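One structure is given below, encoded as structure tokens.
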Amino acid sequence: MYLEAVLRSSAPHAKPTGLILQYGTAGFRTKAEYLDHVMYRMGLLAVLRSKKTKSVIGVMVTASHNPEEDNGVKLVDPMGEMLAQEWEVYATNLANAEEHELQLVLTNIIKQDSINMQQESFVAIGRDTRPSSESLSCAVIDGVTSLDSKFHDYGLVTTPQLHYIICCRNTDGGYGEPTIEGYYQKLSKAFKELVQQAPGCGGEPICLNVDGANGIGALKLKEMESYLQSVLSIQLFNDSSKGKLNYMCGADYVKVQQKSPEGLDMKPAEPYCSFDGDADRIVYYYNDVNNVFHLLDGDKIATLISTFIKELLLKVNLNLKMAVVQTAYANGSSTRYLEEVIKVPVYCAKTGVKHLHHKAQEFDIGVYFEANGHGTVLFSKKAEEQIKQLTQTGATEKIKKAAEMLENVINLINQTVGDAISDMLVIEAILFLKGLTIQKWDEIYTDLPNRQLKVTVADRKVIETTDAERQTIKPPGLQEKIDELVKTYSMARAFVRPSGTEDVVRVYAEADTQENADALAHKVCLAVFSLAGGVGDQPKPLR
Ligand SMILES: CC(=O)N[C@H]1[C@@H](OP(=O)(O)O)O[C@H](CO)[C@@H](O)[C@@H]1O
Ligand SMILES: [Mg+2]
């Protein structure tokens, strides 16, 4: 019986007794030494998922922006999306089964989802540059082969590159050539064509400074450089030749600390961007002439891209439904600007890319970004077809040209998931086409001062939220207290939610001044501490 081979091969990947892990917002994530059995079992689960969907399924070994010592794993569904939520429960059950329960848990999944074990299967595996990733991806392969499945190990790839490959394979190349080379060719062709549509094109290449977070994004960007030559000149910092992954650098560090990363000497007015550890997030920043740091996060990126697309849609006169999806963390100024100035509907989804992605799929053109820089644009089949049609039959040259630009954006953006490299190229092309410097882009609207803090409580599940996490319904009295505090400040907003990746409650506040945002955030922390079972010392004021 096939399960005998599974159990036999599981012995070298035995689960430490009693260890419990959850398939969270971004798959499993913890210290690398606890993950060997999880990897083996996710290899098994990927095979089952592949049989169930009759498609290629991806397994990515990465812990993204976490410290180098951590690792993690996530499964990629057929169209390059995150694993279906119903299967997250299977993943959690499988990861937590003790060795003697493994057979039962596997059999239950097979029965419950009526999986035909005779069905062929194929798993594509990728990994980041963490020292632990290679052996952990071998554990995935052991799981895959113990169920006699076919697989391909793509080795070192960015998370979005693996998502791209999965989508290409499952569309028989419709989305592109399912290789890293194919990815570089597709993106660089679309980028060059877009840039060449600018009036002043043909002069000096566009210059950009990139912080690669000492990770896979740096390696892949180096590989891609030759494809972009003469159009984009990249100065790469934290290129993984010496520094430690994500240590004092990368998109998460820059966003959370609101300061420049180590490892680069910032020159005033020059544009910089940072990738995270698996290159699915990006943020931009610059120092002004007074050496004051300015951050352009996911909200500013969403605004730039939406404005550009909206302008092109007006030119081609297509009646396509476009919307922007954000989370509660989106800066209030960005939401107001999108709704009132660009006049595009804005929706708020729960934190986590899978929630934003699903919401964005409801529109002909759905732009989604988390404030931390993870996001992309989704085009419906209808939108893609109508745009393509206009590139050939558009009534005027102006319409054809605008349709061609939109078509290039469709090819340049990675529609499977947020992608630092692809987003960077989209942003650079838009800035070039619109003749905008990073300062001018930054001036489109001014962020409301804000503060994000964490509170440790005994059990963060005592907090329950509603309205896309903007209101709490439990514990009793907490929302009333937050409302009361918010009323005492001008232009204020605050909310709290239990984190899906850390054992903390996150607190967010914004207000008219930084002092007020800090004070409000602190008072909300105190309310959480007293009403939701805070542990340790009381939260201290920031100033
Ligand atoms: C405020 C914030 O940035 N939260 C992050 C963080 O989720 P939490 O559930 O807040 O821990 O990690 C997620 C996965 O990487 C990411 O999608 C999300 O945006
Ligand atoms: Mg990431």
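Just so you know, ligand 1 is whichever comes first in the structure, and atom 1 is the first atom listed for that ligand. Just so we're clear, the structure is a prediction, and the values are computed from it rather than from any experiment. Numbering starts at 1 and runs along the sequence shown.
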>> Return the closest protein heavy atom for atom 16 (C) of ligand 1 as residue, atom name and distance.
In response: Glu370 OE1, 3.5 Å
>> Can you report which non-hydrogen protein atom sits closest to atom 4 (N) of ligand 1, along with the distance?
In response: Thr351 CG2, 3.9 Å
> Which pairs pass side chain to side chain donor-acceptor pair (under 3.5 Å) with one or both residues in residues 213-225, sequence neighbours excluded?
Replying inline: Tyr184-Glu223, Lys220-Glu223
>> Below 2.8 Å, which protein N, O or S atoms neighbour the Mg ion (ligand 2), ignoring water?
In response: Ser64 OG, Asp276 OD2, Asp278 OD1, Asp280 OD1
> Counting from 1, what ligand 1 atoms have a heavy atom of Arg497 closer than 4.0 Å?
Replying inline: 8 (P), 9 (O), 10 (O)
>> Below the 3.5 angstrom mark, is there an N/O of Ala26, backbone or side chain, next to an N/O of ligand 1?
In response: no
>> Is the distance between the ring centroids of Tyr347 and Tyr368 under 6.0 Å?
In response: no
>> Taking distance alone, with N or O pairs closer than 3.5 Å, would you say Arg506 contacts ligand 1?
In response: yes
> Which residue holds the protein heavy atom closest to atom 5 (C) of ligand 1, what is that atom called, and what is the gap in Å?
Replying inline: Asn372 ND2, 3.9 Å
> When you look for heavy atoms under 4.0 Å from ligand 1, do you find them on the side chain of His374, its backbone, both, or neither?
Replying inline: neither
> ligand 1 and Tyr329, any nitrogen or oxygen pair closer than 3.5 angstrom?
Replying inline: no
> Which residues satisfy the salt bridge (charged side-chain N to carboxylate O under 4.0 Å, His left out) test with Glu502, sequence neighbours excluded?
Replying inline: Lys454, Arg506
> When Gln514 is tested against each of Asp512, Asp518, Asn516 for side chain to side chain donor-acceptor pair (under 3.5 Å), which residue passes?
Replying inline: Asp518
>> Within 45 degrees of the ring normal and closer than 6.0 Å to the centroid, is that where the cationic atom of Lys259 sits relative to Tyr285?
In response: no
>> Could you check whether Lys300 makes a cation-pi contact with Tyr445, meaning its NZ or CZ is under 6.0 Å from the centre of the six-membered ring and within 45° of the ring axis?
In response: yes
> When the aromatic ring centroids of Tyr284 and Trp441 are compared, is their separation below 6.0 Å?
Replying inline: yes
>> Under the rule for salt bridge (charged side-chain N to carboxylate O under 4.0 Å, His left out), what residues qualify as partners of Asp211, not counting sequence neighbours?
In response: none
> Would you call Arg336 and Glu339 a salt bridge, using N to O less than 4.0 angstrom?
Replying inline: no
> Of the protein's non-hydrogen atoms, which lies at the shortest distance from atom 12 (O) of ligand 1, and what is that distance?
Replying inline: Thr501 CG2, 3.7 Å
>> Using side-chain heavy atoms (C-beta onward) and a distance below 4.5 Å, is Val256 in contact with Gln452?
In response: no
